[in-house]
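Structure first, commentary second.
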Amino acid sequence: MIIAIDGPAASGKGTLGKRLAQHYGYRHLDTGVIYRAVAYGLIQAGQDLRDEAAAVAVALELDPEEFGNPALKSHEVGQAASVVSAIPRVREVLLNFQRQFAADPPGAVLDGRDIGTVICPNADVKIFVVADPKVRARRRTLEAQSRGEAADEAAILADIIQRDERDQNRPVAPLKPAPDAYLLDNSQLDIEGGVRAAIDIIEAVRAGRSRG
Ligand code: DC
């Protein structure tokens, strides 16, 4: 089974993806990390984020071992990933890796922006996670503070709004719900509540299928 989770920055889709993978015994891929790794590689090399050839070269050399690097989590890298991910050839290079990950047994949960629309259009269940931008900014602020970082909530909110805007309006694979995605608004839910709501959706889809 393939579970596709899409949604905007800081909507909680990564945490949800991880929890669902644990629940079902599947593998989990946070696809944002892949774009972050490309952006980070460019920043490290002192290269322009809009340099297509340089970005494609970094994407071709990606090492999944690097995906756990905590430096990928920063706001700066997230913003840079949003720029790099708008380059169509970068997306093309990263497509097969994601599809292969999804296809390997026993099943997979992928989260990102275009999983249900482009990467896995035939996913068994698609969930589009949303939350009020102010709620998302609050969560990111608390997260940063818990890592001991200083965090300016107003700046984080501005960053989230700018990233939503860029991710939704790019010509290639923009952030949008697949027509057959289930909408999950977790503005008023804690992590456990969000996980329960997602499992309810998945189980309802499975039950519908087996009645089929
Ligand atoms: O989910 P995230 O914040 O880690 O994603 C970082 C950026 O990467 C995001 O602003 C847009 C891009 N991205 C994408 O274009 N497609 C994906 N499937 C995942 C992320």
Side-chain angles (χ1 to χ4, degrees), residues 2-18 20 28-43 49-50 52 55-56 58-59 62 64 66-102 108-121 123 126-131 133 135-137 139-141 143-144 147 151 155-178 181 184 186 194:
I2 297 174
I3 301 172
I5 304 178
D6 290 301
S11 57
K13 59 192 184 313
T15 305
L16 178 63
K18 197 189 294 173
L20 290 176
H28 171 231
L29 181 63
D30 166 359
T31 63
V33 163
I34 308 177
Y35 295 94
R36 285 171 180 260
V38 175
Y40 185 66
L42 288 170
I43 294 169
L49 296 170
R50 290 187 173 76
E52 180 180 272
V56 167
V58 174
L62 269 194
E66 289 293 311
F67 292 170
N69 183 347
L72 302 184
K73 286 194 173 289
S74 75
H75 281 296
E76 184 204 1
V77 174
Q79 278 284 8
S82 172
V83 174
V84 163
S85 65
I87 302 174
R89 282 192 54 219
V90 168
R91 304 198 72 85
E92 245 172 73
V93 168
L94 301 174
L95 187 95
N96 280 341
F97 172 78
Q98 296 174 76
R99 286 206 176 138
Q100 189 57 53
F101 186 96
V109 182
L110 284 82
D111 69 80
R113 302 290 189 289
D114 63 339
I115 308 303
T117 50
V118 176
I119 306 293
C120 302
K126 300 177 186 177
I127 300 177
F128 195 85
V129 186
V130 291
V135 172
R136 291 188 272 142
R139 289 178 187 156
R140 275 282 149 100
T141 305
E143 250 171 57
R147 289 196 298 266
I156 292 177
L157 177 60
D159 172 295
I160 282 176
I161 291 170
Q162 190 189 15
R163 207 129 67 87
D164 283 359
E165 154 76 22
R166 197 185 293 123
D167 295 346
Q168 282 161 358
N169 293 309
R170 66 182 177 215
V172 178
L175 169 69
K176 63 165 190 222
L184 172 52
N186 66 19

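We count ligands from 1, going down the list as the structure has it; atoms in each ligand are counted the same way.
- Within the 4.5 Å cutoff, the side chain of Gln168 has no heavy atoms near those of the Lys176 side chain.
- When all heavy atoms of Ala102 and Cys120 are compared, the closest pair comes out as CB-SG, 3.6 Å.
- Numbered from 1 in the order shown, with element, the atoms of ligand 1 that lie under 4.0 Å from a heavy atom of Ser82 read 7 (C), 10 (O).
- No side-chain N or O of Ser85 forms a donor-acceptor pair with one of Arg166 less than 3.5 Å apart.
- The N/O atoms of Tyr35, backbone and side chain alike, include none that comes under 3.5 Å of an N/O atom in ligand 1.
- Across Ala55 and Ile87, no two heavy atoms sit closer than the pair CB-CD1, 4.0 Å.
- Taking every non-hydrogen atom of Arg170 and a distance limit under 4.0 Å, the qualifying atoms of ligand 1 come out as 14 (C), 15 (O), 16 (N).
- Here's the thing with Asp111: none of its N/O atoms is less than 3.5 angstrom from an N/O atom of ligand 1.
- Proximity annotation for atom 20 (C) of ligand 1: of Gly78, Pro174, Gly32, Gly32 comes nearest, heavy atoms only.
- Close approach of ligand 1 to Thr31 is summarised as follows: ligand atoms under 4.0 Å from at least one heavy atom of the residue are 17 (C), 18 (N), 19 (C).
- What you find for Arg136 and Pro8 is that their closest heavy atoms are NH1-CB, 3.4 Å.
- Residue pairs that meet the salt bridge (Lys or Arg N to Asp or Glu O under 4.0 Å) test with at least one member in residues 72-89, sequence neighbours left out, are Glu52-Arg89.
- Looking at Arg166 against ligand 1, nothing comes within 4.0 Å, counting heavy atoms.
- Where the criterion is an N or O separation shorter than 3.5 Å, residue side chain and backbone included, Gln98 fails it with respect to ligand 1.
- When heavy-atom distances to ligand 1 are checked against a 4.0 Å cut-off, Arg163 comes that close only through its side chain, counted from C-beta outward.
- Atoms of ligand 1 lying under 4.0 Å from any heavy atom of Arg36, numbered from 1 in the order shown and given with element: 2 (P), 3 (O), 4 (O), 6 (C).
- Between the side chains of Asn186 and Ser11, no donor-acceptor pair of N or O atoms lies under 3.5 Å.
- Scanning all protein heavy atoms for the shortest distance to atom 7 (C) of ligand 1 gives Ala81 CB, 3.7 Å.
- Arg91 counts as a contact of ligand 1, since one of its heavy atoms falls under 4.0 Å from the ligand.
- In terms of polar-atom proximity, defined here as any N/O pair under 3.5 Å, Asp30 makes no such contact with ligand 1.
- Taking the charged nitrogens against the carboxylate oxygens, Asp114 and Arg91 do have a contact shorter than 4.0 Å, which makes a salt bridge.
- Of the protein's heavy atoms, Arg113 NH1, 2.8 Å lies nearest to atom 1 (O) of ligand 1.
- Residue contacts with ligand 1 do not include Gln79, since none of its heavy atoms lies under 4.0 Å from the ligand.
- Contact of the Arg50 side chain with the Val83 side chain is registered, since non-hydrogen atoms from C-beta on lie closer than 4.5 Å.
- Looking at Ser85 against ligand 1, only its side chain comes within 4.0 Å, counting heavy atoms.
- Atom CG of Leu72 sits about 11.5 Å away from atom CD1 of Ile34, to the nearest 0.5 Å.
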